[in-house]
Amino acid sequence: MSDVRLDSIAKVFRDTVAVDHVSLHIEEGEFFSLLGPSGCGKTTTLRMIGGFEEPSSGNVYLDGAEVGGLPPYKRDVNTVFQSYALFPHLDVFENVAFGLRRKKTGKQDVKRRVAESLELVALTGLQERKPSQLSGGQQQRIALARALVNRPKVLLLDEPLGALDLKLRKHMQLELKRIQSEVGITFIYVTHDQEEAMTMSNRLAVMRDGRVEQIGDPQDVYDHPATEFVAGFLGASNFLDGEVKERANGMAAVKLADGTVINLPEDRIEPSATKAKVGVRPEKIRVQRGGGPTTSGNSIAGVVKVATFVGVSHQYTIEGPGGEHLIVYEQNIGVDAPLRTGDSVRLTWQPEHTFAVTGEKLEATPREES
């Protein structure tokens, strides 16, 4: 196993800065995801770790050793691509054994290690089939077995589930997490899919425009986003502008334009901030019918503008203070009648579910991946 450290790495293609001085430390045995929209630099970062691109500046360390200038085959890392890159003329056994053959591994050892790898990805018995005879999910597993059979210290995965349908992709997310847990190898995973990253990762880094916006475990990043971009990219969020009026007893009070006061933990607002954009996730909000007063927690009055049924929940767009629109999810458990357009409501949530953010919103039109 190996740790991976990036020390202020940057990559410039002509006049385009694809990666802008990124520093990361990925622990050995960790499932770490690089998450972000197209063009954020995540694939270029992965390619620099693997040796497919050389940094314009900065250093890459694997297991404490600087690996600048080393080609991919000398870095003890393997890569699984979205296209799988299987050899169509070779059967499954020979596809998986390819790297071992190149290393001149003994015949019996090859047979044993290929069998172990196929068992790990639950494809025992398919050794004699060609890639064209396999489903997309099976091909993805073969590509994974071929990468793991060489026992790399680090496995790099570049959106390997992107070509699969939704149901199979969700299944393979759990399978990848299981496999990583069993082999204990460091996995570095590139994806633009927020749910995918949160499902599998021990930690993740959210990237934007070549920089890292936030690093942390999925729940912490989701519940306490550091910037408005992170809050908007990793799920849905509601934001309300206000002024910081008071800080006391570990709590801060933010006054909205209509006079409503929103409370939240003081450590979620910068100490010097006089204005704040406070946020709350849609699923954290409870809807009180009739718009009456409430006795505890944060509370704002509103009117239902859009009501949508999405199966497991009802989704509402509520017009709140100052004409701001908030999104609310209400689980479909059949206790309360669905709301209708024009209904008056009061939205309530706990102060500890409130956060404050800085930074710009997600760009509407992302750039192509660099």
Check your understanding: Do Leu256 and Val261 come within less than 4.5 Å of each other through their side chains, counting heavy atoms only?
Key -> no
Review point. Phe233 versus Glu213: any side-chain heavy-atom pair under 4.5 Å?
Key: no
**Study point:** Phe355 and Phe239 aromatic ring geometry - parallel, tilted or perpendicular at 30°/60° bounds
**Key:** perpendicular
Exercise for review: Please name all residues satisfying salt bridge (charged side-chain N to carboxylate O under 4.0 Å, His left out) with Arg141, sequence neighbours left out, ordered by chain then number.
Suggested key: Glu175
Check your understanding: Counting N and O atoms only, with roles assigned by atom type, does the side chain of Arg268 sit under 3.5 Å from a partner on the main chain of Thr354, one being a donor and the other an acceptor?
Key -> yes
Review point. Would you say Val4 and Leu24 make side-chain contact, with heavy atoms under 4.5 Å?
Key: no
Practice item. Determine, step by step, whether Thr348 and Arg286 satisfy the side-chain hydrogen bond (donor to acceptor under 3.5 Å, both in side chains) criterion, reporting the C-alpha distance in whole Å, the side-chain angles of both residues, the deciding distance to 0.1 Å, and the verdict. Key: CA-CA 5 Å; Thr348 65; Arg286 292 189 177 184; over 6 Å; no
Review point. Is a salt bridge present between Glu195 and Lys170, judged by a nitrogen-to-oxygen distance below 4.0 Å?
Key: yes
Check your understanding: Would the Phe309 and His314 ring centres measure less than 6.0 Å apart?
Key -> yes
**Study point:** Arg203 with Asp217: basic N within carboxylate O range, under 4.0 Å
**Key:** no
Exercise for review: Please write out which residues are connected to Leu90 in a hydrophobic cluster, directly or through intermediates, given that two of Ile, Leu, Val, Met, Phe, Trp, Tyr count as joined at side-chain heavy-atom separations below 4.5 angstrom.
Suggested key: Phe87, Phe98
Check your understanding: Is the shortest distance from a Lys or Arg side-chain nitrogen in Glu270 or Lys277 to a carboxylate oxygen in the other one below 4.0 Å?
Key -> no
Review point. Does the distance from a Lys or Arg side-chain N to an Asp or Glu carboxylate O, for Arg289 and Asp343, drop under 4.0 Å?
Key: no
Practice item. Using a 4.5 Å cut-off on heavy atoms from C-beta on, say whether the side chain of Ile142 contacts that of Pro131. Key: no
Point to revise | Lys305: partners by salt bridge (charged side-chain N to carboxylate O under 4.0 Å, His left out), with sequence neighbours left out | key: Glu319
Check your understanding: Side-chain contact, heavy-atom cut-off 4.5 Å: Leu6 with Thr45?
Key -> yes
Practice item. Evaluate whether atom NZ of Lys111 has more than 12 neighbouring non-hydrogen atoms of other residues, nucleotides or ligands under 6.0 angstrom away. Key: no
